[in-house]
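In what follows, every chain begins at residue 1, and chains take the letters A, B, ... in the order their sequences are listed.
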Amino acid sequence: MAQGMKRVVITGAGTINAIGHNVAETLEGFREGRCGIGPLDFPDVERLSIRIGGQVRGYDAEARFNRQQLALYDRFTQFTLLAVREAVAQSGLSFDGELAARSGVVLGNSGGGMTTLDANYRSVYEEGKNRVHPFVVPKLMNNAAASHVSMEFNLKGPSFTVSTACASSNHAMSQAFQMVHGGMAPVMVTGGSESMLCFGGVKAWEGLRVMSKDACRPFSANRNGMVQGEGAAVFVFEDYDHAKKRGAEILAEVVGFAMSSDAADIVMPSKNGAARAIRGAMMDARINPEEVGYINAHGTGTAANDKTECAAVADVFGAHADRLMISSTKSMHGHLIGGTGAVELLACVMALRDGVIAPTIGYEEPDPECALDVVPNEAREARVEVALSNAFAFGGLNAVLALRKV
Amino acid sequence: MNVKDKVFEIIAEQAVLEPSDVTMDSTLDDLGIDSLGLVESIFAIEEAFDISIPFNANEPSESDFDISSVASIVAGIEKLIAEQHD
């Protein structure tokens, strides 16, 4: 490691998503291979051709936030704050003085306050109203969640939101890693969130014809598209020495990352772009390919992504590609777009810490173009030293993180 | 419900108080209503009375709508209702 560089560890995690309202429930869902995807429930769903998704169910916003907060918090902000509360509580940190002044929050998000936008467009276009609530803009802006996190937790250092579609969270966590690694911040709160499950949000995705009407079956020969999810996941990234000094529990170490751009097509993925990001993350982390035991795949369940991703992994790892495990948990929680990499990092932490590999559920038929060990349908116990998490976004923007067992 | 009672109700809700805590002499400051609370109150008043209030948050004192007390707000609303509901 370069001189002066800090080791970066994870000392807190929090989430809310379709398979759990916290980390414990989510990891239990991963272990059971529980599917959180079901019929969508929101106004005008009958006018959609895609009617399934990984919605957060049994969620009572009014029990978690007061009236004034709800007037200002879009659903993506609510999910973020709940995840941060869990993560920060686990870390045991409270931010004041010098720690508050230097610590910040970097989050991934793609759609901003899509449900706020949708409801207000409906009100002015469909219902013909000429007046909207004054908080529409502060609710829908993409940085609303990061800003409210900074306010609730007194984080006064570098804070912003990263928007790179399906790779937003991984890009955000890479930035947070870099800030702690380089000594700019002792602690960064990072991850991502998304909530696009409303009529306009799903209608827009329908247009691309990449969505499945029945299930998300990554790597399975009969896969027929992606399924959207919603929620958030957030981690506390902390300088190892800072964490050690205060006796914090360490969940895993973040050892490196890489970003690459396909510079090729606005929607079609590139094997080369993906491979460069995977290889780059291992170089940055100074790990040998043979050390990688698990990859949390981007694994969207589309024809294009899954075969391209498998080809990239085969290219990078050679013979070792057949020994490592690669699974897509999107089959359970759906694709959280800007929040997906954060929820998926939980599967990497579980692999390293608990020795349990989350499965790819809905796997029905082998596909010769995805001939890797995709941990089909059932979780597996295995000892893993290093895990990677892939994210390959629309627009050809890729980010891969590398984690090591502590 | 008359204009005064409805305004008390809206302002009390915004200030997280009971309508009985609001008086005609209260100022928004007294009630703890900040600038965001003010624009939210104006929105609620416009919705409740179906009127349009000339108010620019950049220059509240220049707006043709006096927000210096609850009494002035009620008077302003009554005037706007008379003007806009003819």
Give, as side chain, backbone, both or neither, the part of B/Leu36 having an atom under 4.5 angstrom from any heavy atom of chain A.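 B/Leu36 touches chain A through backbone and side-chain heavy atoms alike.
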Test log, rule side chain to side chain contact (heavy atoms under 4.5 Å, CB included), inputs A/Lys129 and B/Glu47: CA-CA 10 Å; A/Lys129 291 188 69 170; B/Glu47 288 284 285; 2.7 Å; yes
Is the number of heavy atoms from other residues, nucleotides or ligands under 6.0 Å of [X] [atom1] greater than 12?
X        : atom1 : answer
A/Lys156 : NZ    : no
A/Arg64  : CZ    : no
A/Asp44  : CG    : yes
B/Glu18  : CD    : no
B/Met24  : CE    : yes

Among A/Asn130, A/Asn66, A/Val132, A/Leu72, which has the most heavy-atom pairs under 4.5 Å with chain B?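 Between A/Asn130, A/Asn66, A/Val132, A/Leu72, the count favours A/Val132.
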Is it true that a side-chain atom of A/Arg67 and a backbone atom of B/Glu13 form a donor plus acceptor pair closer than 3.5 Å?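 Between the backbone of B/Glu13 and the side chain of A/Arg67 there is a qualifying donor-acceptor contact (under 3.5 Å).
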Hey, is the main chain of B/Glu46 close enough, under 3.5 Å, to the side chain of A/Arg131 for a donor-acceptor pair?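 Side chain of A/Arg131 to backbone of B/Glu46, a donor-acceptor pair under 3.5 Å: yes, one is there.
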